[in-house]
Amino acid sequence: MRVSVDPDRCVSAGQCVMLAPDVFDQDDDGIVTLLQAEPPAELHTVVRQTASLCPVRLIQITE
């Protein structure tokens, strides 16, 4: 799995950080920051859930 984000579209909802704090963080302005572009297998399910719940669908996953 490879994860990418488009921070220019982020609305600072923070759901990604609440669901997958090992993969996502927010900067001082609340904009998403990607911590792990290739998360370990045990995080794949939560990363998929996070991508589906992002209100602006800025999280892209490549399998």
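In this structure, the side chain to side chain donor-acceptor pair (under 3.5 Å) partners of Arg48, at least two apart in sequence or on a different chain, are Glu63. Under the rule for a side chain to side chain donor-acceptor pair (under 3.5 Å), Glu42 has no partner lying at least two apart in sequence or in another chain. Annotation: side-chain contact (heavy atoms from CB on, under 4.5 Å) contacts of Gln49 (sequence neighbours excluded): Thr45, Val46.
Arg9 contributes a side-chain N or O that, together with a main-chain N or O of Val56, makes up a donor-acceptor pair within less than 3.5 Å. Of the possible polar contacts, one joining the Asp27 side chain to the Asp29 backbone as a donor-acceptor pair under 3.5 Å is found. No donor-acceptor distance shorter than 3.5 angstrom exists from the side chain of Gln15 to the backbone of Thr50, with no hydrogens or angles considered.
Leu58 and Ile31 fall into different hydrophobic clusters, where Ile, Leu, Val, Met, Phe, Trp and Tyr residues are linked whenever their side-chain heavy atoms come under 4.5 Å apart, directly or through other members. Hydrophobic clustering (ILVMFWY, side-chain heavy atoms < 4.5 Å, transitive): Val5 and Val11 are in one cluster.
Contact detail for Met1 and Pro39: the closest heavy-atom pair is SD-CG, 3.8 Å. When all heavy atoms of Cys16 and Val32 are compared, the pair lying nearest together is SG-CG2, 3.8 Å.
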Stepwise side chain to side chain contact (heavy atoms under 4.5 Å, CB included) check, Leu34 with Phe24: CA-CA 5 Å; Leu34 184 61; Phe24 305 98; 3.8 Å; yes
Evaluation steps, side chain to side chain contact (heavy atoms under 4.5 Å, CB included), between Cys10 and Gln26: CA-CA 10 Å; Cys10 185; Gln26 291 176 293; 5.7 Å; no
Derivation and outcome, side chain to side chain contact (heavy atoms under 4.5 Å, CB included), residues Asp22 and Gln36: CA-CA 7 Å; Asp22 293 332; Gln36 295 189 63; 3.9 Å; yes
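One finds the CG atom of Leu19 at 12.0 Å from the CG atom of Leu43 (value rounded to the nearest 0.5 Å).
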